[in-house]
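Report on one structure; see the data block that follows.
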Amino acid sequence: MNTCGNLIQLRDAIDLQNHKVNLLGVVVGFSVPRKSKGTDYVSVLKIIDESHQSPDFSVNIFAENLDDLPHVKSAGDLVQLSCVMMKVHNGEVYAVFNKFSSSFALFEGKSCKDLCPYQASSGYCIRGLDEGFIIRLRTWHLNFQLDAGTSAYLLSLKEIKAGGYFDLICKVLLVCEVSKDVWMLFVWDGTDTQPLDFQMKLEDEAHNPLPLQIESSLPRDILGTFPCVGTILRVIADQAYEKLGLHFQGSGQWVRLRNITCQVCSGLWRGVLVPSSKIQLLSNEDNIVAERQREFNKRISTKCGRVPLVNFPCPSPITGISFSVVSEIAFQSTLTDYEHVPFVTLMDLLTYSEVTAKFKCVVRVVAVYPWRAEDFRSPIGLREYRIRLTLEDPTARIHAFVYAEDGVKFFEGYPPIDVLTSKRNKLLGMTENLNSKEDEDAPRNPPWVECCIKSYYLDKSSRWESRHYRIFGTRHVA
DNA sequence: TTGGGG
């Protein structure tokens with residue numbers, strides 16, 4: 001048991017540099033436990049109490065084992081710290097937790113009545129006197145609204161750009177180990193990331209096809225728990241982070257990811273949690289969280305809510321076609337037979353409850369296989385169209401086939417190769433008149449097009465596993 | 001010892 005005296009308030013502790021103190025605070029943020037540059041693991045907790053709410057007060061916690069560091073569950077949880085040393089760095093007072101002489105305990109916050117910690121370091125022992133402090137701090141925090149605050153670094157998913165560091169206020173949908181020792185967060189804020197240019201060569205699709213997602217695919221039952229509108233950003237964690245899944249145990253937690261960065265990988269956005277990133281847990285009542293949710297509810301309550309945000313609600317910058325309601329939406333290069341069917345997202349399609357179904361989506365064609373128009377039809381037999389398109393919207397990517405009579409409709413018969421090539425180029429957002437090999441390899445920016453997609457299966461005994469998608473009822477008119 | 005936001 002640690003006996004450095006009674007619990008004291010942060011305001012009083014700040015005057016006790018180079019003394020050991022006992023503290024109790026509300027956790028408002030933390031750095032995700034990771035390997036330190038020394039021999040231990042480290043996590044920095046940011047805490048506040050009645051006497052000191054701003055700026056955050058830091059507690060540096062070191063431990064030999066990752067599991068021995070605090071794993072904060074929710075916004076507003078309480079931490080009790082015994083025998084931590086008060087120090088100062090660059091004029092800022094902070095506390096250091098010594099793995100041999102200090103101890104900590106984490107308690108649920110706010111409305112919880114339980115006085116048992118959900119995690120405690122070895123050597124921790126609660127005293128009757130401390131219980132009163134815990135009850136008092138919970139009561140105070142009930143009526144205290146701490147906001148994530150704003151800053152120039154704060155972006156939403158629709159604003160992110162590659163490179164540079166920024167903060168993101170988002171909901172953590174899932175944390176999982178996507179491959180051995182590689183952890184990934186799946187986060188969402190209700191907006192769509194911007195469509196990207198594609199640098200890769202068309203012919204690469206044969207040997208090195210564009211991936212459909214960054215991770216190897218998730219089981220359909222997990223995918224089905226995700227929102228169908230708005231981009232789900234994959235955030236890969238630096239290798240310094242081990243067992244990231246110990247955190248964010250309650251999925252659906254809103255957080256502010258501080259100082260993260262972003263890369264583009266195979267034409268997909270990918271966030272990166274770097275060693276200097278921080279997590280700030282937010283309550284659902286946080287101002288910006290509420291604003292994100294309001295914006296999202298406003299979006300999905302409109303007829304265009306499931307159309308990519310970049311096309312909403314104004315004329316699309318890419319197609320240049322103006323529209324106000326879904327029935328009037330027309331995309332420059334395609335027409336469908338199902339004018340009054342509402343648009344859905346590719347996530348709607350992926351997570352739909354039936355194997356066979358029909359959908360209408362607004363997508364970009366980001367790759368085609370085979371890539372040469374002269375190979376769009378089978379060389380033998382009936383010489384039918386058989387093409388695999390890679391389609392994407394802000395929510396997902398899929399392969400969709402253009403087959404036989406659907407191909408005849410799509411390409412309006414069997415046009416000459418040069419016309420077919422021109423149609424392909426337009427669909428893929430390539431330079432209009434290709435004069436050289438360089439033009440063919442120039443970055444392409446596919447336009448948004450509308451298309452009807454049906455899902456079907458190849459094998460009756462494994463319908464879901466053999467589910468495929470096909471374009472139908474769609475004409476390429478450009 | 002290690003961290004310490006930009």
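Keep in mind the model is a prediction, meaning the values are calculated, not measured. Below, chain A is the first sequence line, B the second, and so on; all start at residue 1.
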Exercise for review: Kindly indicate whether the side chain of A:Ser58, heavy atoms from C-beta on, has any atom under 4.5 Å from the side chain of A:Glu92.
Suggested key: no
Check your understanding: With a 4.5 Å limit on heavy-atom distance, are the side chains of A:Val93 and A:Gln17 in contact?
Key -> yes
Point to revise | Sugar-phosphate only, base, or nothing, as touched by A:Phe166 at under 4.0 Å among non-hydrogen atoms | key: base
Check your understanding: Any side-chain N or O of A:Lys87 under 4.0 Å from OP1/OP2 of B:dG4?
Key ->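 Negative; the distance criterion is not met.
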Nearest listed nucleotide, side chain of [X], among [options]:
X        : options             : value
A:Asp40  : B:dG5, B:dG6, B:dT2 : B:dT2
A:Lys278 : B:dT1, B:dG6, B:dG4 : B:dG4
A:Ser36  : B:dT2, B:dG4, B:dG5 : B:dT2

Could you tell me the separation between the [atom1] atom of [X] and the [atom2] atom of [N], rounded to a whole number of Å?
X        : N     : atom1 : atom2 : answer
A:Lys46  : B:dG6 : NZ    : P     : 10 Å
A:Asp56  : B:dG5 : CG    : P     : 9 Å
A:Met86  : B:dG4 : CE    : P     : 17 Å
A:Arg256 : B:dG5 : CZ    : P     : 14 Å
A:Asn259 : B:dG4 : CG    : P     : 10 Å
A:Met85  : B:dG4 : CE    : C1'   : 17 Å
A:His89  : B:dG5 : NE2   : P     : 9 Å
A:Phe30  : B:dG4 : CZ    : P     : 14 Å

Less than 3.5 Å between a donor and an acceptor, one on the side chain of [X] and one on the base of [N], is that the case here?
X       : N     : result
A:Thr39 : B:dT1 : yes
A:Asn90 : B:dG4 : no
A:Lys99 : B:dT1 : yes
A:Tyr94 : B:dG4 : yes

Could you tell me whether a side-chain N or O of [X] sits under 3.5 Å from a main-chain N or O of [Y], the two making a donor and an acceptor?
X        : Y        : value
A:Asp167 : A:Tyr153 : no
A:His71  : A:Leu69  : yes
A:Arg292 : A:Asp189 : no

Check your understanding: So, A:Phe62 and B:dT1: ring centres less than 5.5 Å apart, planes less than 30° off, yes or no?
Key -> no
Check your understanding: B:dG6 base stacked by A:Tyr153? Criteria: ring centres under 5.5 Å, plane angle under 30°.
Key -> yes
